[in-house]
Amino acid sequence: MTDAFLTVFNLSITASWMVIAVLLCRSIFKKAPKNLFCILWLLVGLRLAIPFSIESIFSLVPSAETIPPEIIHQDFPQIQTGFDPVNDVINPILSETFAPVPNYSSVNRFQVFIETVSNMWILGIAVVILYGIISYTVVRFKVRDSVPAGDNIRQSEKISTPFILGFIKPKIYIPFKMDENNLQYILAHERAHIKRCDHLIKPIGFALLAVYWFNPVIWIAYIFLCRDIELACDEKVVRVLTANEKARYASVLLDCSINRRYIAACPLAFGEVGVKERIKNALNYKKPVLWIIIAAVASAIIITVCFMTNPKNEDIPTPDNETVESTESTKETISEFSVDWDIKKIGYAPYLAKYMCGDEDGNGCIKITNIGELEEFLSHLGTNPLNDITDPIENVYFENNLLLAVYYTSGSGSYRCSIEEVDINRKDKSIMVSSILLMPEVFTDDMSGWLGFIEIKNIYGTDVADYSCDTKLSQQQYSAPTLKKHSIEKTDNWKTDGLKNAGLDGVEINYISDISQGSLYLLEEKDPFYVNSKHFFLAVEKDDQVLLAEVSLGLSCEYINCCDVDGEPGDEILVMIDNGGNGGAGSHSTYVYKVCNGNISTIYYSDYFNNIHGFSAKLIEPFNVEVKNSYTGYTSTIEAQNEFRNHFDEQGKPIVDFPLSIDCIYSIRPEDIDNDSVYELVCRRYSSLGAHVDYFGDAVTTLKYDKSSNSFKIIDAEFIPYRREE
Amino acid sequence: MTTPKIFESEYRFCIILWENEPISSANLAKLCKEKLDWSRTTTYTVIKRLVERGVLKNDNSVITSLVSKDEIQASEIDELVEKKFEGSLPAFISAFTKHVKLSEKEIDELKKMIERSN
């Protein structure tokens with residue numbers, strides 16, 4: 001239905017140009033035979049009736065597709081009126097008004113708008129057609145007791161002016177008290193109508209008017225069509241009359257003129273339209289001069305060629321299903337993915353950076369076909385992309401359909417999430433890579449503590465789905481925060497002087513345990529400079545050196561443990577720090593450090609923002625929440641209880657799709673699930689559905705260390721709904 | 001009693017009735033379809049109208065006229081003379097004879113008619 005409406009809308013705009021041209025021609029060539037204009041109106045009708053046309057270079061139509069059909073799928077709808085100044089005014093307004101709403105809703109607002117308008121259009125058609133049918137029926141009913149008065153003619157005392165009624169066997173209806181002399185003119189006129197098939201043309205025109213009711217130009221065209229029909233019939237009659245007879249004809253016109261204020265599809269009443277013009281025309285009728293006829297016909301031909309054909313489709317590339325790199329006509333040349341990334345940082349503002357691939361003309365775009373390439377691309381941004389917040393990066397081209405969820409922050413500590421659907425026909429080739437989820441170190445003034453990660457998920461609605469290349473979402477790589485580490489000489493008084501010399505003064509030293517790499521200590525700042533939080537450090541004491549590493553700021557260390565998670569030599573240390581804040585659920589930073597051969601590094605990091613878990617939820621009827629995990633394919637349907645039923649209406653239909661909000665890990669426990677003598681990490685997170693305060697349940701993921709990628713993979717997922725004790 | 005008024009199309013209907021009465025409404029409708037191209041419902045509506053006006057009566061679907069052609073014609077003339085000749089019959093006759101060419105035969109017939117009516 002929207003497709004039909006868009007076609008009709010575009011056609012009406014195209015035809016409107018033709019109507020204006022015909023009106024212009026009509027006003028220039030007043031003396032031309034009116035028959036010509038009737039033909040032109042027929043051509044206009046043809047244009048309106050036939051949805052396609054041939055393309056020609058002579059076409060004066062500004063745009064054959066003002067509203068492109070694919071517009072309903074665009075996030076930023078754009079129209080093409082054929083006039084750049086007009087486009088430049090309208091399109092930004094459209095983009096603003098119908099910009100995708102930055103939440104998990106997948107509804108395209110422009111699509112909804114167009115669907116509403118389409119329905120109104122159908123309603124309008126029904127109304128107009130109904131009006132036509134009713135007015136026809138009324139007249140038919142009125143003259144049902146008319147009596148025959150000659151072949152094709154009927155008389156009725158109920159009518160005051162002659163007219164024609166009927167489509168297949170049209171009949172002329174005349175009143176009773178009509179002067180014989182007048183009658184002959186009238187009959188001549190009406191017979192001319194029948195001969196010209198006007199009794200069919202007018203209703204067809206009216207039918208077209210019903211379809212195009214929303215366009216006032218088409219109404220004007222119909223009115224002028226009716227006028228020109230009458231004038232043409234007048235001309236046919238008057239052509240053979242003497243001057244006296246012409247005057248008689250004009251006076252008959254006057255006698256029969258009726259004050260009709262409405263437009264009817266039929267009947268073809270004698271005194272219906274434009275009587276004044278007709279009288280003038282009849283009185284002044286002279287056989288038209290030959291050159292006028294020629295000129296008028298010539299312009300008619302020109303109008304036909306220029307407005308019945310469509311403009312050639314040069315500038316608007318039609319997207320194929322083939323890969324784009326083939327054709328020369330597309331503006332951009334896409335270069336293959338290569339190692340030599342020419343990415344320049346072209347602008348910088350505090351907390352903002354802008355990147356561009358290639359040059360301003362669109363040469364040297366980067367093509368990305370899968371997640372790995374995207375990750376690689378992102379890793380090439382700046383020295384540490386995660387320390388920058390970026391504006392859209394331009395000229396990145398996505399081969400397959402990828403959906404990105406990118407998060408970015410305004411720098412004040414809050415974050416926003418933007419979902420972009422990228423598809424092969426995408427004209428707006430930029431992505432928001434904001435370094436996503438930069439969480440400012442709440443407790444520092446300088447920006448050295450900025451952390452962040454890029455999460456790339458496939459989100460449509462609230463489902464996490466597979467990419468088009470059909471691979472399951474692979475574990476994300478991320479950059480852990482730079483680990484500030486130190487190594488000091490192990491002396492007898494390293495715990496006092498040694499640390500002091502290293503600048504770690506005033507710390508409380510807590511012995512944790514002996515690990516293979518030495519003795520493990522947790523250091524806490526004793527009198528923190530900041531009100532609540534303090535610095536934490538790990539110390540591994542062995543042989544002749546003490547390895548120090550700084551853990552994040554926090555209120556307290558909730559958990560610290562050492563266990564083998566990778567089956568390799570060395571120790572892995574789990575640390576969970578309470579960052580404080582973030583509402584009742586609290587915020588934790590979870591680390592896994594590896595200590596080996598005198599070196600310490602971070603092999604896992606997760607906090608409130610850096611939170612890869614793969615869970616998503618969807619509200620489904622009735623009163624159910626379907627929770628999925630994209631890494632493991634886990635699905636579970638949970639019945640919403642208590643306050644969560646507010647997300648549904650009385651019948652159990654979801655009112656709004658609330659996203660599942662998963663907090664940071666609040667509990668991490670090593671467990672050997674698969675009995676391979678290597679520990680897996682069971683992480684639990686609080687979740688809420690909708691408002692952050694409503695505890696919905698625990699999202700549990702089990703992480704297993706993967707040697708090949710040096711990262712943890714989610715091997716198991718489970719969602720444990722929270723059930724209140726009644 | 002004043003003669004009921006009959007309109008032009010009704011008059012044509014009445015002609016059919018006068019020529020064929022008494023006649024069943026069904027047959028009358030058939031005739032009207034033939035001669036006037038009226039649908040059955042139209043005929044019945046007209047019958048009903050005329051019954052109400054007292055022009056004809058409907059006895060068990062048999063239609064007979066209550067007013068004769070003569071009476072209608074006379075009533076028309078009366079109205080014509082009233083309206084257009086200020087009630088003066090001579091004025092009407094004078095206008096009539098002035099504008100209508102009469103043959104010898106017709107004049108004779110007229111003379112006889114006038115004598116007869118007196």
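Sequence lines set the chain letters: A, B, ... in the order given, protein chains first and strands last, and positions in each chain run from 1.
- In the displayed structure, B:Lys5 atom NZ is contacted under 6.0 Å by more than 12 heavy atoms of other residues, nucleotides or ligands.
- Test A:Phe206, A:Phe141, A:Phe167 against A:Tyr136 for ring pair (Phe, Tyr, Trp, His ring centres under 6.0 Å) and you get one pass: A:Phe167.
- Using a 4.5 Å cut-off between heavy atoms, B:Thr45 touches chain A through its side chain atoms alone.
- Atom CZ of B:Arg40 has 12 or fewer neighbouring heavy atoms from other residues, nucleotides or ligands inside a 6.0 Å radius.
- By the 4.5 Å heavy-atom criterion applied to side chains, B:Lys84 and B:Phe92 are not counted as neighbours.
- Taking B:Lys83 as the reference, B:Glu79 meet the salt bridge (Lys or Arg N to Asp or Glu O under 4.0 Å) condition, with sequence neighbours excluded.
- The stretch residues 144-154 of chain A places A:Arg144, A:Asp145, A:Ser146, A:Val147, A:Pro148, A:Arg154 near chain B, each with some heavy atom under 4.5 Å from a heavy atom of that chain.
- A:Trp213 places a side-chain N or O within donor-acceptor distance of the main-chain N or O of A:Trp121, the cut-off being under 3.5 Å.
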